[in-house]
Asks: 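Pasting in a structure now, in structure tokens, and then I'll have a few things to ask.
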Amino acid sequence: MKINVNNASLKTTAGRPDQFPRDARPQVAFSGRSNVGKSSLINSLLRRKSLARTSASPGKTITVNFYDVDGKLFLVDLPGYGFAKRSPEDKKRWSSLTDGFFTKNPNIDLLKLVVQLVDSRIGPTKDDLDMLAFMGEYGIPHVIVATKSDKLNATGKKNIIEQLEKEPLCAKAEGIVLYSAASHTGRDEVWGLIASACGL
Ligand code: GTP
Ligand code: MG
């Protein structure tokens with residue numbers, strides 16, 4: 001089935017797990033630390049400049065946002081973790097919301113893929129590795145996208161891929177892709193992984 005990626009819109013902004021949509025469509029979630037580039041990646045995939053709101057200051061996305069793509073699947077923008085400047089109340093809200101996405105989601109069987117973002121200049125953080133361990137343990141299918149690759153030279157690009165490939169917690173990933181939301185490098189590869197995970 002062909003997906004018209006130009007036909008996308010924000011369907012639901014959920015501040016609580018009970019607001020997650022109940023539509024029986026495959027979901028692909030984007031996970032990663034604050035500021036790693038989740039919303040920018042979604043915009044790049046959907047060929048839109050600012051459908052998902054981005055920001056140079058971390059903590060922009062504070063709700064779980066569901067983007068309907070051509071009536072066939074949802075891309076799900078999760079709030080970023082590891083943002084130190086958040087208040088304790090906000091951190092609590094964040095963890096109940098994001099944990100809720102995995103543990104209180106009535107449609108968890110529709111979650112076909114998690115795209116785990118890692119900053120290509122930093123490599124996987126402790127939180128990134130915790131997330132990868134969690135997905136490995138619970139059998140959640142996932143791929144790894146190394147973001148902001150336009151900021152690296154050829155050696156840097158080679159190094160981050162090698163680092164991820166030899167990290168044991170990355171072993172269950174169904175793909176590792178170097179991405180740039182600036183030049184859209186990696187876009188076809190990520191769409192290929194999404195389509196195959198969703199059976200589209
Ligand atoms: P939260 O919503 O806070 O969790 O952040 P996020 O992961 O959604 O990050 P966002 O997409 O808002 O991007 C954060 C910053 O990184 C913005 O200033 C983006 O322009 C920049 N950025 C994201 N992706 C890329 C990329 O591929 N290349 C470059 N050069 N900058 C990027
Ligand atoms: Mg965001």
Side-chain angles (χ1 to χ4, degrees), residues 5 8-15 20 27-69 74-87 89-102 113-132 142-154 156-161 164 175-191 193-194:
V5 301
S9 60
L10 175 61
K11 159 91 180 184
T12 302
T13 293
F20 296 156
Q27 299 183 0
V28 175
F30 293 75
S31 154
R33 51 175 270 281
S34 214
N35 211 238
V36 70
K38 297 174 295 299
S39 301
S40 301
L41 173 58
I42 290 175
N43 285 330
S44 166
L45 289 171
L46 297 176
R47 298 169 183 261
R48 296 277 285 269
K49 278 218 161 62
S50 52
L51 182 62
R53 291 181 62 201
T54 62
S55 167
S57 52
K60 186 72 197 170
T61 311
I62 52 162
T63 48
V64 178
N65 298 336
F66 292 78
Y67 296 91
D68 176 321
V69 186
F74 287 118
L75 299 188
V76 185
D77 195 0
L78 295 173
Y81 47 72
F83 177 36
K85 280 193 195 142
R86 255 186 208 143
S87 68
E89 295 78 58
D90 274 0
K91 278 190 184 158
K92 223 161 129 194
R93 221 183 119 263
W94 176 85
S95 65
S96 79
L97 190 57
T98 311
D99 289 356
F101 180 76
F102 292 102
L113 188 68
V114 172
V115 178
Q116 175 63 42
L117 282 72
V118 169
D119 192 316
S120 66
R121 301 163 303 172
I122 300 172
T125 63
K126 164 90 173 58
D127 288 336
D128 296 338
L129 294 172
D130 284 350
M131 187 65 202
L132 286 161
H142 56 277
V143 296
I144 297 167
V145 165
T147 63
K148 311 191 186 185
S149 68
D150 51 282
K151 301 217 175 183
L152 291 178
N153 61 20
K157 288 176 189 167
K158 189 169 151 272
N159 288 347
I160 179 68
I161 292 299
L164 291 168
I176 298 174
V177 182
L178 200 57
Y179 206 97
S180 165
S183 68
H184 311 296
T185 304
R187 180 157 65 188
D188 290 348
E189 205 181 332
V190 172
W191 267 122
L193 291 163
I194 291 175

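Remember, it's 1-based here, ligands and their atoms both numbered in the order they're listed.
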Asks: Nearest 0.5 angstrom please: Y81 OH to S31 OG, how far?
Replies: 4.5 Å
Asks: Compute the shortest N/O to N/O distance between Y179 and ligand 1 and return yes if it is under 3.5 Å, no if not.
Replies: no
Asks: Check whether the side chains of S40 and N43 place a donor and an acceptor atom closer than 3.5 Å, and report yes or no.
Replies: no
Asks: I'd like to know whether ligand 1 has V36 as a neighbour, heavy-atom separation below 4.0 Å.
Replies: yes
Asks: Judged by atom type as modelled, is there a donor-acceptor pair below 3.5 Å linking the side chain of T63 to the main-chain atoms of A14?
Replies: no
Asks: Ignoring hydrogens and geometry, is there a side-chain-to-backbone donor-acceptor pair from R187 to S44 under 3.5 Å?
Replies: yes
Asks: Can you confirm, on distance only, whether ligand 1 has an N/O atom lying under 3.5 Å from any N/O atom belonging to D77?
Replies: no
Asks: Would you kindly say whether D77 and S39 are connected by a side-chain donor-acceptor distance under 3.5 Å?
Replies: yes
Asks: Ignoring hydrogens and geometry, is there a side-chain-to-backbone donor-acceptor pair from K38 to G32 under 3.5 Å?
Replies: yes
Asks: Considering G37, A182, S34 one by one, which has a heavy atom nearer to atom 9 (O) of ligand 1 than any of the others?
Replies: G37
Asks: Angle class for the F20/F66 ring planes (parallel below 30°, perpendicular above 60°, tilted otherwise)?
Replies: tilted
Asks: Is D150 touching ligand 1 with its side chain, its backbone, both, or neither, if touching means heavy atoms under 4.0 Å apart?
Replies: side chain
Asks: Considering the heavy atoms of S40, write down every atom of ligand 1 situated less than 4.0 Å from one of them.
Replies: 10 (P), 11 (O), 13 (O), 19 (C), 23 (C), 24 (N)
Asks: Please determine whether S39 has a backbone or side-chain N, O or S atom lying under 2.8 Å from the Mg ion (ligand 2).
Replies: yes
Asks: Using distance alone, decide if ligand 1 has a nitrogen or oxygen within less than 3.5 Å of any nitrogen or oxygen in T147.
Replies: no
Asks: Purely on distance, is any nitrogen or oxygen of N35 under 3.5 Å from one on ligand 1?
Replies: yes
Asks: State the atoms of ligand 1, each with its element, that fall below the 4.0 Å cut-off from a heavy-atom position in G80.
Replies: 4 (O)
Asks: Using distance alone, decide if ligand 1 has a nitrogen or oxygen within less than 3.5 Å of any nitrogen or oxygen in R53.
Replies: no
Asks: Side-chain contact test, heavy atoms from C-beta onward, threshold under 4.5 Å: evaluate it for Y179 versus L45 and give yes or no.
Replies: yes
Asks: Is L78 in polar range of ligand 1, meaning some N or O pair under 3.5 Å apart?
Replies: no
Asks: In this structure, does ligand 1 have an atom that sits under 4.0 Å from one of the heavy atoms of G32?
Replies: no
Asks: Would you say the side chain of E189 lies within less than 4.5 Å of the side chain of V177, judging by non-hydrogen atoms?
Replies: yes
Asks: Under 3.5 Å between some N or O of ligand 1 and some N or O of S39?
Replies: yes
